[in-house]
Amino acid sequence: MSRKSGLIFTTLLVFLTVSCAFGADGNNEIANDYITNLQNEISKDITRLRQSIEIELADIKLESPDVANRLQELAALASTASEDVTAWGYSDEVREQYMRLLSDISIAYSAYGALLRRNDPVSDSTRNSETSSEELSSIETITSPDINISDAMRLEITRTSRQIEVQAFYLQSRMSKLKLDIAKAASLRKELEDAKSGEKSLADTRTHLLELESARISVALTRIQIIEMRKLFERNVSELQRLRNRLANIQGSMTFSQELLNENLDKLKKRIDELTLDMSNARKSLDSANSSLVKARVALGSADVTPLTIASSTYLARSARVSYWEYMLSLLEEEISLNKELLDFWQVRYKLFHDELSGEEIWKIRDEAQAKVLGLQRRLEGIRALENATLKQVENLKAQTETEEVSGIIQQNLIQAQDNHRRIISDVFNKYEALIPNSIFYQQRLYIEANENLSALRLAEKVRSFSYDTIMGFLDTQLWEGEGYSVTVSKLVIAIAVFLSSFFLSSWGSNLLKRRILKRAKASITAASAIQRIVFYVLWIAFVLIALNIVKIPLTAFAFMGGAMAVGIGFGMQNIFNNLISGFIVIFSRPFKVNDIVDVAGTQGTVIDIGSRSTKIKTWDGFDVVLPNRYFLENSVTNWTGTDTRKREVLKIGVSYDSDSRKVEELLLGVVKGHSKILKDPAPFVIFKDFADSSLNFEVYYWFDLKQASGMKISSDMRHHISALFKKEGIEIPFPQRVVHVVNDNDDNSGENLR
């Protein structure tokens, strides 16, 4: 890439890193713009190099079979290379160059072939489908997102962002290498062309061709590496955008309950107990390691550890073991300390979430969180410095182990010392690498959330600082006045408040009266409901008059509304009053009552409430249908349970023509009489209805109580019994059937044909 492109590329990555440091709390649109620009820059750089790549790879065969054949050829050349270079009279320098080129090209072809197999369409599509299915399964619908889900998503966003950063730098380095490989291949090809034209001579054509092939296969290898990494890069960018969108979607509905707080605290306490037990065991192991080190020191005496002897190597191995347990004990102590801080963190965060802290407390929390983040970052830098120092110790011990003078017990002790130092890196420093960034993340979240609360507090202070006199002046604003009265905003607000509360008071009073009537007078629920509604309107009007009297507003103040109300009742409100009057007619005429089963113009169900304006019916499908009361006066109403809850049903059955009709009638009558839900009075009976096209048709008439059973269930139950009984008795329920006679026109001439 050009210097300018590299500068832009690096700048974009810096912005991306900064935006990721605070999770998804920054401007998501800006972060997405940076990612888009980053993708565009990578695409532009690849496009710039595409033509050069195509030129270099135009006549080179790079399919899987070609690669396999070339590897066989290179293996054959390598097997005879020693004899070949001798026969060609190569110098030692050219000989070494030729052998190295064969090895480098073989390695490059092998790597290219492996990448080619990994990126073939079949495996790539399979991998993509698996990835897609994983992504689809991970996009679960979050119905009640809590703060733990939000934190997990933010951590995943941070991890994905770091992967994008690493992959972007890798792509940058690969494209830089690709550019160098293209330039090298072009230069080698130019030298070869000059040699062919006689303008320039080559020391050896074979090595020059191998160098050109090495450069070209390097171009192909780098290109396929870029393609593979770019797929991962694009996949991670899509994942990052998906996570940010999901986080944005749950932000407004995020919860943090007391149960979740207790759950998080219990987990931390359990983890602290586990770490305390681990720390006790670690102390025992450290004591044992120190005891062994003391013995090794005594055995070493006054000698130094520099000359490697059995005693000095033993001392080094045991010293490394002591270091391991010291580091492990330090890690456990620090993890316990950080988990105890998290106990306070979650309690403070809960109070922040529910606005239970004062502004001064929030300022203190924010400053402490910022200081803790800086301290943890310094601690992480120190851990990384210790890790680098330990790596150097491992390298020094490895170098000592590989010397010719070291063998036997000394070598074993040095290997043991290496293993202990490696364990320090894997078991201690790697855990620090996860533990401290996790704590930094939580402290950063606390800092951000404290800042958000402070912003809200500042806004609240501005609202509170609004002039009291201005508010009171607004409340004292006069809306209108008349003879001996004036209506202000404050009076109107009080009147509206009392007016609205009158609904609740009237409803409470009328419902209380309804319960007393039902309990003491033992009146029907319909009558009690009618009295309750009348009392409700009386109380409501009384409360309205009381409200007007409280604020000293006479009824004459609303005289101008009389005409408007009359017009409103005459036009817009006529349906409301029509339904209201119809409701009282229904209540007092009592064509039906609550719990009656009715049929109103096709709407069938149970009456569950008779209101002043509408009546509610629960249909057989379980739906609540609200019908205006005027509907019952304008349409015919069938009350199935008004005077009698019994209902007659008819069950129709067809049997085959070869069935005994008397036996069928007897069997059907036995089934219907034996059913527990069918009434004995009126008695059920069976009718031989008709000779149909395909069957003998019977009808079973029976009665049941609507309050005790369902007609559909009874008829279904009877069909089951009849089906089983007919099968047992050999009576067939026929399919519809037709008998077709086909007349052949040639039948009359068949005799003549035979003659």
Side-chain angles (χ1 to χ4, degrees), residues 1-6 9 38-75 77-78 97-121 123-124 166-197 200 202-234:
M1 290 192 301
S2 64
R3 184 177 179 183
K4 182 179 178 181
S5 298
F9 195 88
L38 192 61
Q39 288 175 293
N40 291 338
E41 282 298 318
I42 291 172
S43 297
K44 287 177 183 177
D45 288 329
I46 292 173
T47 303
R48 291 189 194 105
L49 295 173
R50 184 171 296 160
Q51 186 176 2
S52 300
I53 294 170
E54 290 173 354
I55 291 171
E56 289 304 328
L57 304 181
D59 57 346
I60 184 172
K61 297 179 179 180
L62 294 172
E63 298 298 327
S64 293
D66 302 319
V67 172
N69 292 335
R70 185 55 181 155
L71 282 170
Q72 291 178 358
E73 293 171 359
L74 289 168
L77 287 173
Q97 182 185 9
Y98 179 81
M99 302 288 283
R100 177 179 55 78
L101 284 169
L102 286 177
S103 175
D104 291 347
I105 294 171
S106 297
I107 293 171
Y109 268 112
S110 297
Y112 182 85
L115 285 174
L116 203 62
R117 288 190 297 275
R118 193 163 66 184
N119 287 279
D120 69 275
S123 63
D124 195 50
V166 171
Q167 289 162 359
F169 275 115
Y170 176 83
L171 284 168
Q172 183 189 26
S173 66
R174 290 290 91 189
M175 283 187 283
S176 297
K177 183 179 184 303
L178 184 60
K179 190 173 181 180
L180 291 174
D181 289 339
I182 290 171
K184 182 179 179 181
S187 175
L188 290 167
R189 191 174 60 255
K190 179 69 168 55
E191 290 177 3
L192 189 62
E193 291 172 355
D194 291 343
K196 288 180 180 179
S197 63
K200 186 179 179 181
L202 294 175
D204 182 71
T205 306
R206 294 187 185 88
T207 54
H208 192 89
L209 287 171
L210 288 178
E211 285 181 353
L212 178 58
E213 183 180 6
S214 177
R216 296 173 80 185
I217 189 60
S218 182
V219 169
L221 179 60
T222 307
R223 181 197 63 172
I224 199 169
Q225 288 171 341
I226 290 172
I227 291 171
E228 185 178 58
M229 183 52 67
R230 191 182 179 190
K231 287 180 182 178
L232 293 174
F233 175 81
E234 297 290 345

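Atom CG of Leu210 and atom CG of Leu77 lie 7.5 Å apart (nearest 0.5 Å). Atom CD of Gln167 and atom NZ of Lys231 lie 14.0 Å apart (nearest 0.5 Å). With values rounded to the nearest 0.5 angstrom, Tyr109 atom OH is found 11.0 Å from Leu221 atom CG.
Using a cutoff of 4.0 Å between basic side-chain nitrogens and carboxylate oxygens, Glu54 and Arg50 are not scored as salt-bridged. Ionic pairing of Asp66 and Arg70 is not present here: no N-O contact between side-chain nitrogen and carboxylate oxygen is shorter than 4.0 angstrom.
Between Ser106 and Leu74, the shortest heavy-atom contact is OG-CB, 3.5 Å. Considering all non-hydrogen atoms of both residues, Ile217 and Ala108 come closest at CG2-CB, 3.8 Å. Closest approach of Leu212 and Arg189 over heavy atoms only: CD1-N, 4.0 Å. Here the closest non-hydrogen pair linking Ile182 and Ser52 is CG2-CB, 3.7 Å. Scanning both residues, Gln225 and Leu115, for their nearest heavy atoms gives CG-CD1, 3.5 Å. Smallest separation of non-hydrogen atoms from Leu116 and Leu62: CD2-O, 3.4 Å.
With a 4.5 Å cut-off on side-chain heavy atoms, Arg174 and Met229 do not count as touching. Annotation: side chain of Leu180 is not in contact with side chain of Lys177 (no heavy-atom distance under 4.5 Å). Counting heavy atoms from C-beta on, the side chains of Lys184 and Leu188 come closer than 4.5 Å. Looking at Leu71 and Tyr112, their side chains never come closer than 4.5 Å, going by heavy atoms from C-beta outward. Counting heavy atoms from C-beta on, the side chains of Leu171 and Met175 come closer than 4.5 Å.
Ser103 places no side-chain N or O within 3.5 Å of a backbone atom of Arg100 that could act as its donor or acceptor partner. A donor-acceptor pair under 3.5 Å is absent between the side-chain atoms of Ser187 and the main chain of Ala183, judged by distance alone.
For the residue pair Asp104/Ser214, the side-chain donor-acceptor check at 3.5 Å is not satisfied.
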Would you sort out whether Lys61 and Asn69 count as a side-chain contact (heavy atoms from CB on, under 4.5 Å), showing the intermediate values?
-> CA-CA 10 Å; Lys61 297 179 179 180; Asn69 292 335; over 6 Å; no

